[in-house]
Asks: 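A single structure is presented below for examination.
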Number of protein chains: 2
Amino acid sequence: MLGNPLSQTAFHVSSRGEYGMRLMVDLARHWGEGSVSLHTIAEGEDLPEAYLEQLVAALRKAGLVNGKRGAGGGYTLARAPGQITAGDVVRALEGPIEPQICTAEGEAVVNCIHEPDCGTRLVWLKLQTTIAKALDGMTLAELALGPGARRDQKRTGTQRLQAEGQGTRN
Amino acid sequence: MLGNPLSQTAFHVSSRGEYGMRLMVDLARHWGEGSVSLHTIAEGEDLPEAYLEQLVAALRKAGLVNGKRGAGGGYTLARAPGQITAGDVVRALEGPIEPQICTAEGEAVVNCIHEPDCGTRLVWLKLQTTIAKALDGMTLAELALGPGARRDQKRTGTQRLQAEGQGTRN
DNA sequence: TGGATTTCCGAGCATCCTGGTAGGAATTTT
DNA sequence: AAAATTCCTACCAGGATGCTCGGAAATCCA
């Protein structure tokens with residue numbers, strides 16, 4: 001699969017976010033089954049393995065996955081699928097959610113330099129809040145079940161994933 | 001003002017969106033007072049005038065502003081400030097809101113090629129809906145009033161903008 | 001009529017970001 | 001020892017970003 005440039009669209013998520021999310025959902029589906037190698041994931045999702053290495057490095061540094069070297073090694077989620085949100089994944093791969101610098105997450109409010117009563121800041125601020133809330137409200141456990149909570153999915157798998165999602169949900 | 005590269009942040013709005021939004025809010029604040037020249041706006045907002053020309057061209061093609069040539073000419077909003085949303089502005093300048101190609105606005109749902117029950121699509125779809133709703137829910141009339149609906153703003157201006165916002169709001 | 005002003009239009013350009021590839025070192029299992 | 005796999009760093013081509021520049025066309029005023 002080659003990347004999708006898809007020029008000139010607003011709020012486009014780069015391949016880092018897209019590939020990384022698929023990787024994490026894949027890991028969630030194999031939760032409890034031991035390590036999964038990048039090679040397996042790359043083949044299953046039809047993604048460039050060497051590129052995934054870069055992405056998974058970011059995910060590991062963010063504390064979202066654990067790697068295990070050597071034959072039979074691979075990656076596992078660092079927490080249960082119900083404890084990792086889409087927001088966690090996106091932030092690890094694409095940085096903090098901030099439409100504009102004046103709306104940076106977790107920073108003290110710094111007023112715009114040029115216009116103290118900047119009206120446009122409202123837009124970016126609301127946007128940042130909205131996006132963060134949406135992403136932080138979805139866990140890998142939900143995503144791993146697929147859109148329609150497909151009927152032909154293994155019952156055990158479904159039950160396991162849902163059970164893991166019971167923890168500290170909002 | 002030089003551009004703000006601000007590398008590695010998710011959902012970052014480019015200078016097109018940022019400058020264009022400020023331009024439109026500026027026009028909203030001068031609604032009913034005749035044309036405003038780009039020169040005036042560029043000076044007031046401290047933005048490169050030649051660059052604004054490109055942006056305003058996109059806004060005109062999208063039917064959001066009208067231009068008037070010649071001495072004393074300039075731009076005016078094509079509709080009342082209450083009838084133009086932040087979503088209109090962003091779409092005109094940065095394209096349709098679509099985190100991923102499989103979530104394109106206004107297109108028939110096309111399933112992902114590689115994974116029919118693609119779980120990750122849920123994320124991007126929810127994101128697209130959420131962002132669009134947030135942006136389409138804010139009008140230039142509201143933005144033109146500024147964050148705190150500042151007390152020292154001219155009463156007449158405030159009243160005029162609010163009155164213009166009464167039309168077909170949701 | 002002749003400027004002055006201002007929108008309109010297209011080309012060009014340096015820099016940064018995107019989406020990878022390549023090569024090798026370290027670690028673990030067999 | 002050999003295979004598998006993570007881990008790490010460097011590199012690179014192409015596209016997007018964020019502008020600048022030069023000029024043509026319209027409009028107003030003296």
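Values in this document were obtained by computation on a predicted structure and should not be read as measured data. Just so it is clear: chains get the letters A, B, ... in the order the sequence lines come, proteins before strands, and each one is counted from 1. Side chains are part of it too, since the values below use all heavy atoms of this structure and drop only hydrogens, waters and symmetry mates.
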Asks: Kindly give the heavy-atom pair with the smallest separation between L52(A) and L38(A), and that separation in Å.
Replies: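 That closest heavy-atom pairing would be C-CD1, 4.0 Å.
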Asks: Mind running a 4.0 Å heavy-atom check of residues 51-60 of chain A against DNA chain D and sending the residues that fall below it, in number order?
Replies: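 Correct list: E53(A), Q54(A), R60(A).
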Asks: Could you state the atom-to-atom distance from NZ of K61(B) to C1' of dC8(C) in whole Å?
Replies: 9 Å
Asks: As a test of reading the structure: which of dC21(D), dG18(D), dT7(C) is closest to the side chain of A50(B), going by heavy atoms?
Replies: dC21(D)
Asks: For DNA chain D, find the residues of residues 67-74 of chain B with a heavy-atom distance under 4.0 Å and give them by number; none if there aren't any.
Replies: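 When residues 67-74 of chain B is checked for heavy atoms under 4.0 Å from DNA chain D, the hits, listed by number, are K68(B), R69(B), G70(B), A71(B).
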Asks: Provide, to the nearest angstrom, the distance between the NE2 atom belonging to H12(A) and the C1' atom belonging to dA16(D).
Replies: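 Distance, rounded to whole Å: 13 Å.
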Asks: If the test is side-chain contact (heavy atoms from CB on, under 4.5 Å), which one of V56(A), L47(A), D26(A) qualifies with I41(A)?
Replies: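 Considering V56(A), L47(A), D26(A), a side-chain contact (heavy atoms from CB on, under 4.5 Å) with I41(A) is found only for D26(A).
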Asks: Report the distance from atom CD of E94(A) to atom P of dC17(C), rounded to the nearest whole Å.
Replies: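 Rounded to whole Å, this separation is 13 Å.
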Asks: Can any side-chain N or O of E94(B) pair as donor or acceptor with the backbone N or O of S14(B) at less than 3.5 Å?
Replies: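 Yes, because the side chain of E94(B) sits within donor-acceptor range (under 3.5 Å) of the backbone of S14(B).
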Asks: Less than 4.5 Å apart, side chain to side chain, heavy atoms only: is that true for T76(B) and H30(B)?
Replies: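 Result no, sub-4.5 Å side-chain heavy-atom pair not found.
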Asks: Counting side-chain heavy atoms from C-beta on, which of dT6(D), dG19(C), dT7(C) comes nearest to S15(A)?
Replies: dG19(C)
Asks: Are side-chain heavy atoms of F11(B) and L127(A) found at a separation under 4.5 Å?
Replies: no
Asks: What is the minimum heavy-atom distance between G95(B) and A10(A), and which atoms define it?
Replies: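 It is O-CB, 3.6 Å.
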Asks: Rounding to an integer number of Å, can you tell me how far R16(A) CZ sits from dC17(C) P?
Replies: 12 Å
Asks: Do L93(A) and L55(A) make a side-chain contact, defined as non-hydrogen atoms from C-beta onward lying under 4.5 Å apart?
Replies: yes
Asks: For the side chain of P48(A), starting at C-beta, report the closest nucleotide among dC19(D), dT21(C), dT5(D).
Replies: dT21(C)
Asks: Please say which of M138(B), M24(B), R22(B), R29(B) ends up in a side-chain contact (heavy atoms from CB on, under 4.5 Å) with L143(B).
Replies: M138(B)
Asks: Can you measure N66(B) atom CG to dA26(D) atom P for me and round it to whole angstrom units?
Replies: 17 Å
Asks: OP1 or OP2 of dG18(D) versus the side-chain N and O atoms of S14(B): is any pair under 4.0 Å?
Replies: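 Yes, within the criterion.
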Asks: Any non-hydrogen side-chain atom of T85(A) less than 4.5 Å from a side-chain atom of L135(A)?
Replies: no
Asks: Does Y19(A) place a side-chain N or O at less than 4.0 Å from the phosphate oxygens OP1/OP2 of dT18(C)?
Replies: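 No, no such contact exists.
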Asks: How long is the line joining CG of L23(B) and C1' of dT7(C), in whole Å?
Replies: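 Whole-Å distance recorded here is 13 Å.
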